[in-house]
Amino acid sequence: MNEQHVDYTEDREDLNELMAVRREKLRDLIDLGIDPFGEKFERTHTAQEILDRFDELEGQDTVIAGRIMSLRTHGKATFADLMDSTGRIQLYLRVNTLGEELYELLQKVDIGDILGIKGTIFRTRRGEISVEVLDMKFLSKSLRPLPSKWHGLKDVDLRYRQRYVDLIVNPGVREVFETRSKIIQSLRKFLTERGFIEVETPMLHVIAGGAAARPFTTHHNALDMDLYLRIAPELYLKRLLVGGFDKVFELGKMFRNEGISTKHNPEFTMCELYMAYGDANDMMNLTEEVYAYIAQEVLGTTKITFQGQEIDLTPPWPRVPMLDAIKEHSGVDLTGLSAEEARKAAKEKGLAIEPNATYGQVLDEFFDVFVEPKLIQPVFITDHPVEVSPLAKRKKGNPNLTDRFEPFIVTWEVANGFTELNDPIDQEYRFRQQMAQREAGDDEAHMMDEDYIRALEYGMPPAGGLGLGIDRMVMLFTDSPSIRDVLLFPHMRPRS
RNA sequence: GAGCCAUUAGCUCAGUCGGUAGAGCACCGGACUUUUAAUCCGGGUGUCCCGCGUUCGAGUCGCGGAUGGCUCACCA
């Protein structure tokens, strides 16, 4: 083994006074033969348990551990607040009970240190449930000062880059991520209770399919080939329907090489699920059910508040064909128009449209401008044009539209689903259309996937499919206006 | 990618007309054995985001850059 030598006495000139003082205390502890970074520590209670069960625990001994969040010294007695993952509890330290030696050691304790405490549970004269300390151990000396105790950390840049500090000093941040965990748990429970099997499909794709988006590119050295990070798991999951699975879902990260905004992060979480022998209608039922189920499980109600507006998630949600919604909100009926007529209608409404825009693209533009901003309460927008839905089955009676839907809540598209196209000949035709669009300069058009066509040729049962945006769901349920508030480590440009 | 705004002590923020850098908390020294934003006395700890320029003199004015926020664009 190499000889290791850690120098705790090194003087570093890059440290500010606050950090230098903490290092000095660290050295003092080492000189006293005390390990500042502790070891395994068995606790008997959490802070919250003591607060909740005080009546039965009063007078008993307890062993707790956590981070010191404030210190109030009064000469020969000191009060401190200890924070663990469940909450805060006050410590009372007295020279009489601790002894001179241990009480002296208190001078080496800084706010931020993680201590192990043995003590007696009692209530102070002022009525605060506290632990009178009999013994204390350093479990981790903190070498950096925490942000001010009542302003917390406000600088959003620092909050995201140093989420660990944000979590320590800003109460509520932890809650958002605890809620996120509960939401994902409820979702898994909901789906597995209904017979869905959770699967994992590749994240490294040879063809980035299943959505219209620019992919990230990476490289496999041994094979000397470029690969894409997945933009959607859709085509793999439907291969599983071909293989005989009836109900599958995958919950995981997707990667899209696009802009960053309050609603977009380059990597985000989606849940896709597929149900053999079902259709878009089943998926709409499932969407409103799963939203109501999770809201009930996590928040105890299906009426939630987002940024001051009440949102009623109680099923059923209205289902409105896209053309009807456009007609209602713009006054323009685009039904049955040619691409050219649609472009003309767009110009009359002052919309910026590409000269060679397809009928579907014109519809999208009308929808984005006139309809989307109005969709506050949950609503399904249905029957999307076929050009923008290359994987969805055509609508019976109107081959220009598909059996597709997108639910909207607070103007956000929170999911996307449709009756799956299981006709390999039509699918190949759609891919070719997409390739033509790609050649015309649309680098988000779908790529050809020969193997997927082959899978469909073996026969895929009719099916309904759904993709749920998990980050937006968490935003909605935690009243968070930015996706960065529901991602522990949102993407940030590295700082030089 | 474009526009607007922000960046000053560890944190939260002030800084007037261009004239030697300020507060609260935190921190350091002292007093204090039931406080809780403890209190009282004393102490300011700084690459004013970076660079260039204007000026006798720049935190402040100009130009360029970095990072972030918001809006727009992009994102079916």
Side-chain angles (χ1 to χ4, degrees), chain A residues 14-22 24-25 69-81 88-98 103 107 110-112 122-130 132 142-162 165-166 168-170 211-214 231-232 256-266 268 322 352 358 360-361 363-365 367-368 372 381 384-392 402 404 406 412-413 416 418 434 437 442-446 467 469 481-482 484 490 492-496:
Chain A
D14 59 318
L15 299 181
N16 62 48
E17 187 204 332
L18 277 66
M19 288 181 67
V21 163
R22 283 168 182 245
E24 221 163 279
K25 290 180 182 174
M69 295 305 288
S70 74
L71 281 165
R72 298 176 291 283
T73 58
H74 298 254
K76 293 192 168 65
T78 296
F79 293 90
D81 291 331
R88 287 183 185 219
I89 191 154
Q90 178 170 267
L91 304 180
Y92 178 48
L93 305 98
R94 250 193 338 169
V95 66
N96 311 31
T97 34
L98 267 178
Y103 194 79
Q107 298 201 336
D110 287 306
I111 289 172
F122 79 113
R123 198 192 280 274
T124 63
R125 260 179 228 166
R126 295 290 179 94
E128 177 150 351
I129 295 168
S130 307
E132 175 156 18
S142 169
L143 297 179
R144 282 182 185 269
L146 285 171
S148 89
K149 63 182 162 195
W150 60 82
H151 290 112
L153 184 65
K154 286 191 176 157
D155 185 324
V156 284
D157 188 22
L158 279 181
R159 283 187 51 221
Y160 300 143
R161 286 181 199 276
Q162 302 183 19
V165 179
D166 190 32
I168 293 169
V169 300
N170 291 330
R214 273 190 294 271
I231 55 175
R256 296 188 184 176
N257 204 343
E258 283 156 0
I260 298 175
S261 77
T262 49
K263 286 181 240 9
H264 300 84
N265 197 63
F268 63 100
M322 195 178 210
T358 64
Q361 286 167 339
L363 247 65
D364 259 359
E365 186 62 21
F367 184 78
D368 285 352
E372 210 176 86
I381 298 297
H384 297 59
V386 68
E387 307 96 282
V388 295
S389 315
L391 302 166
T402 57
R404 180 180 169 188
E406 290 176 320
W412 306 338
E413 176 199 335
N416 181 21
F418 38 86
Q434 289 288 309
Q437 279 185 37
D442 182 357
D443 56 1
E444 282 161 16
H446 208 286
S482 168
R484 296 186 184 101
M492 302 290 276
R493 220 181 278 239
R495 264 193 164 169
S496 48

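Below, all heavy atoms of this structure are taken into account, side chains as well, without hydrogens, waters or symmetry copies. Here is the naming used below: chain letters follow the sequence lines, and residue numbers restart at 1 for every chain.
The structure places NZ of K76(A) at 13.0 Å from CZ of R94(A), a figure rounded to the nearest 0.5 Å. Summarising the geometry, atom CG belonging to D364(A) is positioned 7.5 Å from atom NE2 belonging to H384(A); distances are rounded to the nearest 0.5 Å. How far CZ of R159(A) is from CG of N170(A): 5.5 Å, rounded to the nearest 0.5 Å. Note: L18(A) CG to L143(A) CG = 12.0 Å, rounded to the nearest 0.5 Å.
In this structure, the CD atom of Q162(A) is 17 Å from the P atom of rU67(B), given to the nearest Å. Atom CD in E128(A) sits roughly 15 Å away from atom P in rU34(B) (whole-Å rounding). Taking atom CZ of F79(A) as the reference point, atom P of rA38(B) lies 11 Å away to the nearest angstrom. In this structure, Y160(A) atom OH and rU67(B) atom P are separated by 18 Å, rounded to whole Å. Between the CZ atom of R159(A) and the C1' atom of rU67(B) there is a distance of 17 Å, given to the nearest Å. The CG atom of D157(A) sits 7 Å away from the P atom of rG69(B) (whole-angstrom rounding). The interatomic distance linking R214(A) (CZ) with rA73(B) (P) rounds to 15 Å, in whole Å. The nearest whole Å value for the distance from the CD atom in E258(A) to the P atom in rC72(B) is 18 Å.
Pairing for rG57(B) is absent, with no Watson-Crick or G-U wobble pair whose two atom distances lie under 3.5 Å. Checking rU47(B) for Watson-Crick or G-U wobble geometry (two distances, each under 3.5 Å) identifies no partner in any strand. Summarising the base pairing, rU35(B) is matched to no nucleotide, lacking a Watson-Crick or G-U wobble pair whose two defining distances lie under 3.5 Å. Both distances falling under 3.5 Å, in either a Watson-Crick or a G-U wobble arrangement, place rA2(B) opposite rU71(B). When both distances must be under 3.5 Å, the Watson-Crick or G-U wobble mate of rA66(B) is rU7(B). Base pairing of rU16(B) is not made with any nucleotide, judged by Watson-Crick or G-U wobble geometry with both donor-acceptor distances under 3.5 Å.
Nucleic acid contact class of Q361(A) (heavy atoms, under 4.0 Å, all strands): none. Within 4.0 Å of P390(A), counting heavy atoms only, lies at least one base atom of the nucleic acid. When heavy atoms are screened at a 4.0 angstrom cut-off, E413(A) is found touching no nucleic acid atom at all. Among the protein residues, R123(A) comes within range of no part of the nucleic acid, since none of its heavy atoms lies under 4.0 Å from any strand. M19(A) comes within contact range of no nucleotide atom at all, as no heavy-atom separation falls under 4.0 Å.
Toward the 5' end of RNA chain B, the nearer of the two residues H384(A) and R126(A), judged by each one's closest nucleotide, is R126(A).
Checked against rU67(B), rA26(B), rU34(B), the side chain of R493(A) finds its nearest nucleotide in rU67(B). For I111(A), the listed nucleotide lying nearest its side chain is rA26(B); candidates were rA26(B), rG68(B), rU34(B).
Between F79(A) and H74(A), the ring-plane angle classifies as perpendicular under the 30° and 60° cut-offs.
A 6.0 Å sphere centred on CZ of R144(A) holds no more than 12 heavy atoms belonging to other residues, nucleotides or ligands.
The phosphate of rU67(B) has neither OP1 nor OP2 within less than 4.0 Å of any side-chain N or O from R161(A). Look at R72(A) and you won't find any side-chain N or O under 4.0 angstrom from OP1 or OP2 of rU39(B). Between K263(A) and rU71(B) there is no side-chain polar atom (N or O) within less than 4.0 angstrom of OP1 or OP2.
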- Under 4.0 Å protein heavy-atom contacts per nucleotide of nucleotides 28-33 of chain B, with B for base, S for backbone only and - for none: S---BB
- Reading nucleotides 4-14 of chain B from the 5' end, what letters show protein touch, with B for base, S for backbone sugar-phosphate only, - for no heavy atom under 4.0 Å? ------BBSS-
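Nucleotides rU34(B) and rC13(B) are separated by 34 Å at their C1' atoms, to the nearest Å. Here, rC11(B) and rC4(B) have their P atoms 29 Å apart, quoted to the whole Å. Across the P atoms, rG24(B) and rC17(B) are found 25 Å apart, a figure rounded to whole Å. Remark: the separation of the C1' atoms in rG59(B) and rG15(B) is 8 Å, to the nearest Å. Across rC32(B) and rG69(B), the matching C1' atoms stand 46 Å from one another, rounded to whole Å. Comparing the same atom, P, in rA9(B) and in rU45(B) gives a spacing of 14 Å after rounding to whole Å. Straight-line distance between the C1' atoms of rC61(B) and rA73(B): roughly 33 Å, to the nearest whole Å. The gap from the P atom of rC49(B) to that of rU60(B) amounts to 8 Å, rounded to the nearest Å.
Donor-acceptor pairing under 3.5 Å is recorded for the side chains of Y103(A) and T78(A). Side-chain contact, T124(A) with Q90(A): no donor N or O sits under 3.5 Å from an acceptor N or O.
Distance alone, capped at 3.5 Å, places no donor-acceptor pair between the R404(A) side chain and the N416(A) backbone.
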- Message: Let's go through D442(A) and Q434(A) carefully: what are the C-alpha distance in whole Å and the side-chain angles of both, what is the deciding distance for side chain to side chain contact (heavy atoms under 4.5 Å, CB included) to 0.1 Å, and is it a yes or a no?
- Response: CA-CA 9 Å; D442(A) 182 357; Q434(A) 289 288 309; 5.9 Å; no
- L158(A) and V165(A): CA distance, side-chain angles, deciding distance, side chain to side chain contact (heavy atoms under 4.5 Å, CB included) verdict: CA-CA 9 Å; L158(A) 279 181; V165(A) 179; over 6 Å; no
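Here the shortest heavy-atom pairing between R484(A) and S261(A) reads NH2-O, 4.3 Å.
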